[in-house]
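Presented below is the structure to which this report refers.
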Amino acid sequence: MVGTAGPGVLELQEVHRFPNRPVRVAGTLYWDVLGLYRGVLDGLRAAGRAVPGGRPASVGIDSWAVDHGLLDASGTLLGNPVHYRDGRTDGAAERAAAVMPPRELYAATGLQHQPFNSLHQLVAARGTSALAAARHLLLIPDLMAYWLTGEMGTELTNASTTQLLDPRTGDWARPVAEAFGVDLALFPPLRRPGDPAGELLAEVLAECGLDGPVPVTAVGSHDTASAVAGVPAECGRAFAYVATGTWSLAGVELEAPVLTEESRAANFTNELGVDGTVRYLRNIMGLWLLQECLRTWEADGLRPELEVLLREAAKAPGLRSVVDASDPVFLPPGRMPERIAEACRRTGQPVPRDPAETVRCVLDSLALAHRRAVADAQRLSGREVEVVHVVGGGARNELLCRLTADACGLPVVAGPAEAAAFGNVLVQARAAGAVHGDLTALRSLLRTTQPLRHHEPMGDRGAWERAEAAVCG
């Protein structure tokens, strides 16, 4: 994405898009990280052609969280980063609990239970030759930045997803690292959004046909941190957000973490955001459920068109069947429609009869999960909200946004779909002096320059309450 920002101006231009295809080798699911880096170089080349003068003012990188590359003393990658959906972390959470009780771990790090948290990945990697040889650990966007600049750093918002950071201090939770035998020297110095992160190497400039120097700026490198910075919230209006994509991240923005036992039991996480904020949220399985259904149907030769399916799903009976969108049974890839059908069967609900009914079940279930997360976030944080902002890819899904408004009983503002890219660009632009102000000012620029859709809640609130009781008991 090439972003243009200034007083009263905020634009995005997509110049290159490339696939992200994990690869399974000898039973382990890996990221094709060199293929991703090649895509980044191709994107920088395309950006140079799109920017007047062929020199971007800055480059910022965000990606998903928790996964990382291990490097040796010379800075050489020791192996492809393992995908968080790989089964190697099976049982790691239980082993971690034997070292430090979950209650104590949550009080120190504020991170919700996820089997693939970086800490659990390190527990699973204990005793491996790669971890023994490692002298550096770089989270995915930091790894990309290192290859582009030759400089290492650990960006704070992504570091807060490792379960090794204290969200109260913004520094490493050293007692946790000591308890688990994690050498914090593996992590380069922490960076905050807006900090300089080096300049593109001469070889990168030559490869991409760019004129230098081109600085790299640390942004909210966890894509959700950038997406929440890209929420077009109105000043003085309390809001919840649902950052939608492969995952739905639903919650509120706070000034301080919530580290209570009740919060842990509700599986809420405290991740750091831009400008010292806390993203208090719950991870929900998200549009992964729909993506995997489409992939299965295509593999079976059905090749359904998504737009047609969504129109048919809108006509299907609502709340006929719902599943728990956070159920770990839906985490691995493969045969998602069958797993959804089995979940309906197991809970005594009608099994979807066709792809349209399966899609309606997925979207109803996601809206229901959004409802529960938004309600729980308000209850646990004491922060009441007036509106829900749906950003990310799901903002384009009108049916999902309408169902979320109905389920939450709150107005929904949908957009922008590219919130993470906007949040990324705004942090860079502020660091470069092209725009000024705090998050409120950045969001005001978003609100006045980007098209947004509004959905008012309608329908039977009691139907959603009954559906919630069916899922939650």
Side-chain angles (χ1 to χ4, degrees), residues 62 64-66 103 105-114 117-119 139 154-173 176 190-195 218-233 235-243 247-284 370 373-389 391-392 419-420 423-424 426-427 438-440 442-443:
D62 64 81
W64 66 96
V66 304
R103 181 189 303 250
L105 183 59
Y106 188 84
T109 66
L111 220 64
Q112 73 182 109
H113 169 76
Q114 292 284 12
N117 288 339
S118 306
L119 177 61
L139 297 162
T154 305
E155 193 279 318
L156 185 66
T157 69
N158 221 356
S160 73
T161 72
T162 62
Q163 212 162 25
L164 289 164
L165 198 91
D166 186 333
R168 296 162 296 192
T169 65
D171 200 357
W172 297 112
V176 173
L190 289 166
R191 294 169 173 158
R192 285 163 172 73
D195 286 352
V219 297
S221 73
H222 183 196
D223 51 10
T224 308
S226 280
V228 174
V231 169
C235 180
R237 194 176 190 197
F239 69 94
Y241 54 82
V242 184
W247 294 86
S248 280
L249 298 311
V252 294
E253 186 175 74
L254 301 175
E255 295 76 37
V258 179
L259 302 176
T260 62
E261 175 60 14
E262 190 179 12
S263 177
R264 183 191 72 82
N267 215 25
F268 265 76
T269 202
N270 295 268
E271 297 170 358
L272 299 186
V274 172
D275 288 1
T277 55
V278 173
R279 293 175 285 124
Y280 185 61
L281 59 88
R282 177 184 287 153
N283 278 39
I284 300 161
H370 296 165
V374 169
D376 286 346
Q378 293 178 86
R379 175 176 56 83
L380 294 164
S381 69
R383 175 73 55 88
E384 291 191 10
V385 305
E386 305 168 61
V387 63
V388 177
H389 283 270
V391 298
N424 179 322
L426 283 168
V427 169
D438 59 9
L439 270 178
T440 299
L442 300 185
R443 287 167 170 160

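Predicted model only: the values in this text are computed from it and were never measured.
Taking 4.5 Å as the limit, some side-chain heavy atom of Q114 sits within range of a side-chain heavy atom of N283. A 4.5 Å side-chain heavy-atom check between V385 and F239 finds every atom pair outside the cut-off. With a 4.5 Å cut-off on side-chain heavy atoms, R264 and L105 do not count as touching. Taking 4.5 Å as the limit, some side-chain heavy atom of L380 sits within range of a side-chain heavy atom of Y280. Taking 4.5 Å as the limit, every side-chain heavy atom of L119 sits out of range of all side-chain heavy atoms of L111. In this structure, I284 and V242 have side chains that are not in contact, with every pair of non-hydrogen atoms separated by 4.5 Å or more. Side-chain contact check for F268 versus S381: every heavy-atom pair is 4.5 Å or farther apart. W172 is listed as a side-chain neighbour of T162, based on a closest heavy-atom distance under 4.5 Å.
Shortest non-hydrogen contact noted between A256 and V278 is C-CG2, 3.9 Å. Pairing each heavy atom of A225 with each of L272, the nearest pair is CB-O, 4.2 Å. The two residues A420 and D62 come nearest to each other via the heavy atoms O-OD2, 4.0 Å. Scanning both residues, A243 and A227, for their nearest heavy atoms gives CB-CB, 4.3 Å. Nearest approach of R279 to G273, heavy atoms of both residues: NE-CA, 3.9 Å. Scanning both residues, L139 and S118, for their nearest heavy atoms gives CD2-OG, 4.4 Å.
T269 places a side-chain N or O within donor-acceptor distance of the main-chain N or O of Q112, the cut-off being under 3.5 Å. The backbone N or O of S221 lies less than 3.5 Å from a partner atom in the side chain of E155, making a donor-acceptor pair. R383 contributes a side-chain N or O that, together with a main-chain N or O of E253, makes up a donor-acceptor pair within less than 3.5 Å. Between the side chain of N267 and the backbone N or O of R282 there is no donor-acceptor pair closer than 3.5 Å. A donor-acceptor distance shorter than 3.5 angstrom exists from the side chain of T277 to the backbone of V274, with no hydrogens or angles considered. The backbone N or O of A238 lies less than 3.5 Å from a partner atom in the side chain of E386, making a donor-acceptor pair. A donor-acceptor pair under 3.5 Å is formed between the side chain of N270 and the backbone N or O of G110.
Here L156 contributes atom CG and L165 contributes atom CG; the two are 6.0 Å apart, rounded to the nearest 0.5 Å. Interatomic distance, T109 OG1 to L164 CG, rounded to the nearest 0.5 Å: 8.0 Å. Between atom OG1 of residue T154 and atom CZ of residue R192 there is a gap of 11.5 Å, rounded to the nearest 0.5 Å. Atoms CG and CH2, from D223 and W64 in turn, are 9.0 Å apart once rounded to the nearest 0.5 Å.
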- Candidate pair Q163 and V176, rule side-chain contact (heavy atoms from CB on, under 4.5 Å), full reasoning: CA-CA 9 Å; Q163 212 162 25; V176 173; over 6 Å; no
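Surrounding CZ of R103 are at most 12 heavy atoms belonging to other residues, nucleotides or ligands under 6.0 Å away.
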